[in-house]
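Only heavy atoms go into these numbers, but all of them, side chains included; no hydrogens, no water, no symmetry mates. Please read these numbers as outputs of a predicted model, since none were measured by experiment. Below, chain A is the first sequence line, B the second, and so on; all start at residue 1.
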Amino acid sequence: MKLILPDGKELLVEEGLSGKEVAKQIATSLEKKALAYSLDGKLYDINSKIEHDGRFAIITDKSVEAIDLLNHSTSHLLAQALKNLYPEVKFGFGPAIEEGFYYDIDLDKPLVEADLANIEKEMHRLAKENYPIIRKNVSKEEALEIFKDNEYKVELIQGIDDQISIYSQGDFTDLCSGPHVPSTGYINHFKLLSLAGAYWRGDSNNKMLIRIYGTSFFTEQDLQNHLQDLEERKKRDHRKLGKELGLFMLSDFGPGLPFFLPNGYTLRRTLEDYWLKIHKEHGYVVIDTPIMLSKQLWEISGHWDHYKEDMFITKVEDDNEYAIKPMNCPGAILVYKNDLHSYKELPLRFAELGHVHRNEATGALNGLFRVRSFTQDDAHILLTEDQIADEVKNILKLYDEIYSVFGLNYHIELSTRPEDNFIGDIEVWNKAEAALAEACANSGHSYKINPGDGAFYGPKLDFKLKDSMNRIWQCGTLQLDMQLPGRFDCSYIAEDGTKKCPVMIHRACFGSIERFIGIITENFAGAFPTWLTPVQINVLPVKNSLHESRCNELKKLFEQNNLRVQVDNREEKLGYRMRESQIKKIPYTIVIGDKELESTQITYRKYGVETPVTIELNDFIEMINKEIANKDLLVKK
RNA sequence: GCCGGCAUAGCUCAACUGGUAGAGCAACUGAAUCGUAAUCAGUAGGUUGUAGGUUCGAUUCCUAUUGCCGGCACCA
């Protein structure tokens with residue numbers, strides 16, 4: 001059996017060997033780490049037991065996931081097709097990304113979505129031709145000659161110090177470090193998804209290129225599953241569910257300024273009540289500071305100089321300008337300064353549900369995810385340098401407790417001291433960073449370090465949550481601030497009687513209540529757990545004239561037990577109201593008819609479950625209260 | 001802010017290449033009083049986002065503008 005290797009070499013392999021043996025043989029011949037997959041489309045790691053039809057190929061010398069490699073090769077196929085259809089096209093980057101690939105191209109005429117089908121057609125044609133994908137190492141001079149008509153590739157080549165390699169398939173050649181699948185025939189199950197604009201090299205000063213997104217799989221089944229997932233995600237979109245469930249609205253009169261509707265307000269209030277309770281338990285005191293404060297304050301805090309563009313500023317007749325707060329820190333500091341503090345009081349934890357406004361770029365606005373008016377579940381902790389490590393541990397524990405209630409996965413990113421633009425003592429920075437790193441390592445969550453990405457005033461941790469669209473959103477944050485307390489001349493009386501300046505931790509767990517509601521709406525697909533959902537129990541009288549009064553009695557009883565309940569007494573058929581109850585994803589629907597009138601039992605139907613359950617009324621109340629106390633998820637995920 | 005797309009009834013959508021709008025759901029009225037995902041009939045509902053322009057005539061074509069969507073940039 002003859003195999004074509006990624007470097008263009010051919011290798012003869014004995015027939016009838018196991019896939020593992022074949023892969024090993026190829027790997028040995030290349031002296032490289034290897035991953036193998038079969039032409040039947042199944043993926044195999046070299047170390048796994050392999051059932052196969054005898055046709056295997058080595059595909060990578062790097063630790064590259066095979067699916068990423070396929071996507072990368074598909075982006076090359078896309079480029080080849082584009083070159084055929086639009087000979088004047090120039091290429092930028094074309095990498096594999098999570099769940100797919102893209103290619104950035106420079107083309108004078110705009111592409112529209114309808115063109116994608118045609119491009120796909122050409123890609124399929126080229127795939128059928130089964131061009132071998134051949135690697136060649138070239139010198140910088142050779143590379144510059146080959147790509148002399150493409151300023152983007154030339155720019156890239158000039159920045160490469162390592163070995164430069166090119167990959168060719170048919171008459172198409174691209175600058176690429178590889179690796180790739182052996183030939184275009186491997187690429188069969190893909191779809192181009194969307195068009196977008198993207199700046200060359202991600203810099204808004206550069207020209208904007210056309211980005212074509214797509215996705216590629218080894219089997220048609222995998223592709224179809226993925227496309228179905230994309231459909232499913234659209235159904236879970238919080239903007240759609242927010243409308244259907246009556247959670248929030250937006251108005252053209254205030255882009256990015258969300259309105260909370262009755263159901264959304266109940267949900268939000270429940271979330272905030274939980275937040276307040278758990279923070280009080282963790283030693284926080286709660287404050288509330290003004291929504292706008294005078295210009296002078298923002299000058300001291302530095303926002304006037306560094307953040308003015310994003311602030312809403314009031315215009316008044318005299319010089320006394322005010323600004324709507326984009327952050328809560330200065331307010332919290334004023335609260336701290338209102339008293340003289342002893343070291344014995346520290347750490348002092350001021351929590352605040354702070355309603356801030358930021359004039360975000362129009363193009364950034366997105367449902368509840370990115371808004372101009374939002375409430376941060378903020379806290380400002382003033383403490384001594386020695387207390388940082390312990391306090392960070394406490395905060396991580398608190399975050400873990402909160403996130404786990406919502407079944408959310410997250411990872412942590414630690415941003416450390418910038419190279420030169422920073423203030424304070426390097427030793428203090430090192431100590432602070434070590435405290436953060438240690439807390440992360442002990443948290444049991446994966447974390448990565450972004451060297452030099454910290455703010456000039458201190459290192460920080462960001463908590464990145466994944467939404468159902470697999471998009472990453474920063475929710476929680478934990479920032480050390482070794483600057484602001486000094487700017488405001490904060491102090492505490494130390495053990496030795498001297499005045500010292502405390503360190504401050506800014507931190508938020510939800511990040512923004514609005515964004516967090518968006519994320520959990522999608523995460524739960526609108527079926528909120530019973531403790532959180534706007535309406536917990538829906539009571540349906542079979543016949544109003546006979547059963548409505550009993551329903552109202554029950555409503556009163558449930559309300560006395562702090563449950564949120566509604567009676568749907570509309571003159572509609574039971575089936576109609578039951579359907580609506582399910583569409584609104586109400587956890588419990590109770591039907592009251594003749595049978596229930598004389599009984600101490602009720603029959604409920606739980607959301608997502610078809611069979612009704614009959615139970616003693618008291619047991620029902622006990623059950624639902626227990627569920628709420630445990631914050632159980634409504635639907636097992 | 002940038003690139004591209006979209007905007008029609010409260011909601012979801014339709015209206016061939018220009019001939020001034022139609023359906024389902026919701027709402028309202030009436031009948032039916034019904035036991036776990038849609039009872040039947042009728043009524044009303046629109047300056048087609050906004051402002052200009054081309055045209056005998058614009059939802060349809062053009063320009064501007066606002067908002068939204070997909071991304072990019074931004075998110076100390």
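- Taking every side-chain heavy atom of Lys543(A) into account, C34(B) is the closest of C34(B), C2(B), U36(B).
- Neither OP1 nor OP2 of C75(B) sits under 4.0 Å from any side-chain N or O of Arg515(A).
- Using a 4.0 Å heavy-atom distance criterion, Gly367(A) is classed as a sugar-phosphate-only contact.
- Ranking C74(B), U33(B), G70(B) by closeness to the Arg370(A) side chain, first place goes to C74(B).
- Counting non-hydrogen atoms under 4.0 angstrom, Ala198(A) reaches the backbone sugars and phosphates but no base.
- Atom pair Arg577(A):CZ and A38(B):P shows a separation of 13 Å (rounding to whole Å applied).
- Within residues 533-541 of chain A, no residue approaches RNA chain B, by heavy-atom distance under 4.0 Å.
- In the set A37(B), A73(B), G35(B), A37(B) carries the atom at the smallest distance from any side-chain atom of Arg605(A).
- Note: CG (Leu365(A)) to C1' (C74(B)) measures 12 Å, nearest angstrom.
- At whole-Å resolution of the value, CD in Glu571(A) and C1' in C40(B) are 16 Å apart.
- Contacts of Asn544(A) with the nucleic acid, taken as non-hydrogen atoms under 4.0 Å apart, are absent.
- For U17(B) and U60(B), the C1' atoms lie 10 Å apart once the distance is rounded to whole Å.
- Across all strands shown, Thr603(A) has heavy atoms under 4.0 Å from base atoms, whether or not it also approaches the sugar-phosphate.
- A ring-centre distance under 6.0 Å is not found for Phe253(A) and Phe259(A).
- Annotation: side chain of Tyr399(A) is not in contact with side chain of Leu461(A) (no heavy-atom distance under 4.5 Å).
- At a threshold of 4.0 angstrom between heavy atoms, the contacts of Gly575(A) are confined to the sugar-phosphate backbone, with no base atom among them.
- Taking only side-chain nitrogens and oxygens, Arg358(A) never comes nearer than 4.0 Å to OP1 or OP2 of C75(B).
- Ranked by how close their nearest RNA chain B nucleotide is to the 5' end, Ala455(A) and Lys573(A) are led by Lys573(A).
- Among the atoms of the strands shown, base atoms are found under 4.0 Å from some heavy atom of Glu596(A).
- Rounding to whole angstrom units, CG of residue Asp310(A) and P of C74(B) are separated by 13 Å.
- When the P atom of A37(B) is taken as reference, atom CD1 of Ile583(A) falls 11 Å away, rounded to whole Å.
- Note on Tyr576(A): a side-chain N or O is less than 4.0 Å away from OP1 or OP2 of A26(B).
- Taking only side-chain nitrogens and oxygens, Thr362(A) comes nearer than 4.0 Å to OP1 or OP2 of G1(B).
- Here A38(B) is the nucleotide among U39(B), A38(B), C74(B) with the atom lying nearest to any side-chain atom of Arg579(A).
- By the 4.5 Å heavy-atom criterion applied to side chains, Tyr588(A) and Lys606(A) are counted as neighbours.
- The nearest whole Å value for the distance from the CG atom in Leu230(A) to the P atom in G70(B) is 13 Å.
- As judged by a 4.0 angstrom heavy-atom cut-off over every strand, Gly202(A) is placed among residues touching the sugar-phosphate backbone only.
- Side-chain contact between His380(A) and Tyr336(A) is absent, with no heavy-atom pair separated by less than 4.5 Å.
- What separates CG of Leu574(A) from P of A32(B) is a distance of 20 Å, to the nearest Å.
- Atom OH in Tyr213(A) sits roughly 12 Å away from atom C1' in C3(B) (whole-Å rounding).
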